[in-house]
Amino acid sequence: MRSDLLTNVLSELNGASADIEASAVISTDGLMMAAQLPSGLDEDRVGAMGAAMLSLGDRTAQELSRGKLEQVLIKGDSGYVLMTHAGSEAVLSVLAKSEARLGLIFLDVKRAAESIAKLV
Amino acid sequence: MENKIDFEQLAHETRILTGFTNAHETLLIEAAPDITPHLVHVTEAFYKILHTLPKAQPFLDGRLEALKKAHLNWLESLFTGPFDADFAQGMYHVGMVHVRVKLPVEFMQGAGTLILSELISVAKEVYQDDAQRQADIIRAINGVIGFSVTIMQESYQASSLAEELDKFLAITGMSRTLFNNLALAYEN
């Protein structure tokens with residue numbers, strides 16, 4: 001049930017922008033809770049790696065006096081990975097195209113993270 | 001950490017690695033009545049040497065008699081067997097205790113050599129009239145000391161890795177569960 005609701009949020013997020021290629025909700029322990037991923041991506045790896053990156057981002061922001069972490073953004077030549085907390089128990093991870101307009105995506109992701117936080 | 005280890009496998013592999021055979025085990029058990037009365041002197045000689053090392057003092061102060069007793073019990077166990085999974089687990093635990101009190105690993109390695117040397121002297125004396133027996137017993141003693149020290153070293157290595165992982169988790173802020181899930185995701 002909760003998984004369905006989370007999947008709905010992800011579907012809405014993926015539909016909000018053609019630049020968003022995939023998204024997933026992960027527990028802070030790295031387990032997949034819901035996902036809209038393309039085939040070929042290993043859910044376990046996406047989950048664990050996303051949570052690990054966010055954990056490292058938390059610690060980096062803290063160590064470098066950047067305040068409370070809002071998001072972790074990774075840019076590769078094929079696109080972006082954006083991770084953000086969705087409440088204290090979950091992580092929202094989004095894959096976006098390299099030409100994506102980040103400002104709009106940040107807004108959509110923020111809204112989705114707020115919705116997810118209410119569900120987990 | 002100890003409950004995740006297959007001690008039967010550890011004992012089997014360490015026996016192969018150290019050349020400690022069933023024949024050696026039989027020889028040691030047969031030699032027990034001849035050797036055991038001398039073991040108290042081996043323990044005394046060992047701690048006498050340790051006393052000359054200032055670095056060893058913090059590990060001896062206030063607990064010398066208890067250490068000597070444990071040491072003698074261990075020496076006696078080298079001549080009773082069986083050198084099976086339970087023995088391996090016991091040796092691994094001794095290694096863990098050494099790690100916990102932060103005994104430098106070189107102390108344990110050095111101690112193995114010192115004790116071996118003392119036991120060889122005992123074997124030479126006890127079997128001075130039987131050169132073949134003397135040589136066989138010395139080989140068996142060499143095997144069982146190597147077997148014991150190698151297993152103890154295994155726990156040093158495991159503890160050292162666990163310590164490194166704890167540091168890594170503390171630095172990155174990752175929980176152990178997250179680390180385990182990450183490791184599982186990349187297991188194959």
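Quick caveat: nothing in here was measured; it's all calculated off a predicted structure.
- Put simply, OG on Ser27(A) and CG on Asn181(B) are 7.0 Å apart, with the number rounded to the nearest 0.5 Å.
- No donor-acceptor pair closer than 3.5 Å links the side chain of Thr177(B) to the backbone N or O of Asp29(A).
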Output a table of donor-acceptor pairs, distance under 3.5 Å, between side-chain atoms of residues 73-101 of chain A and any protein atom two or more places apart or on a different chain; print 'none' if there are none.
from     : atom 1 : to       : atom 2 : distance (Å)
Thr84(A) : OG1    : Glu70(A) : O      : 2.7
His85(A) : NE2    : Asp58(A) : OD1    : 3.4
His85(A) : NE2    : Asp58(A) : OD2    : 2.9
Lys97(A) : NZ     : Ala18(A) : O      : 3.2

Mind listing the side-chain donor-acceptor pairs of residues 42-54 of chain A below 3.5 Å, one per line with the distance, residues two or more places apart or on another chain?
from     : atom 1 : to        : atom 2 : distance (Å)
Asp42(A) : OD1    : Asp44(A)  : N      : 2.8
Asp42(A) : OD1    : Arg45(A)  : N      : 3.2
Arg45(A) : NE     : Ala185(B) : O      : 3.0
Arg45(A) : NH2    : Asn188(B) : O      : 3.1

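- For Ser175(B), the part sitting under 4.5 Å from any heavy atom of chain A is the side chain, from C-beta outward, and nothing else.
- Proximity to chain B is absent for every atom of Thr60(A), based on heavy atoms less than 4.5 angstrom apart.
- Leu64(B) is connected to Phe107(B) through a chain of hydrophobic side-chain contacts under 4.5 Å among Ile, Leu, Val, Met, Phe, Trp and Tyr, so both are in one cluster.
- Arg59(A) contributes no side-chain N or O that, together with a main-chain N or O of Met174(B), makes up a donor-acceptor pair within less than 3.5 Å.
- Tracing side-chain contacts under 4.5 Å through hydrophobic residues (I, L, V, M, F, W, Y), one never reaches Leu41(A) starting from Leu184(B); they form parts of separate clusters.
- The contact between Ile171(B) and chain A is made entirely by backbone atoms, counting heavy-atom distances below 4.5 Å.
- The hydrophobic cluster containing Leu6(A) does not contain Ile26(A), counting ILVMFWY residues as joined when their side-chain heavy atoms lie under 4.5 angstrom apart, directly or transitively.
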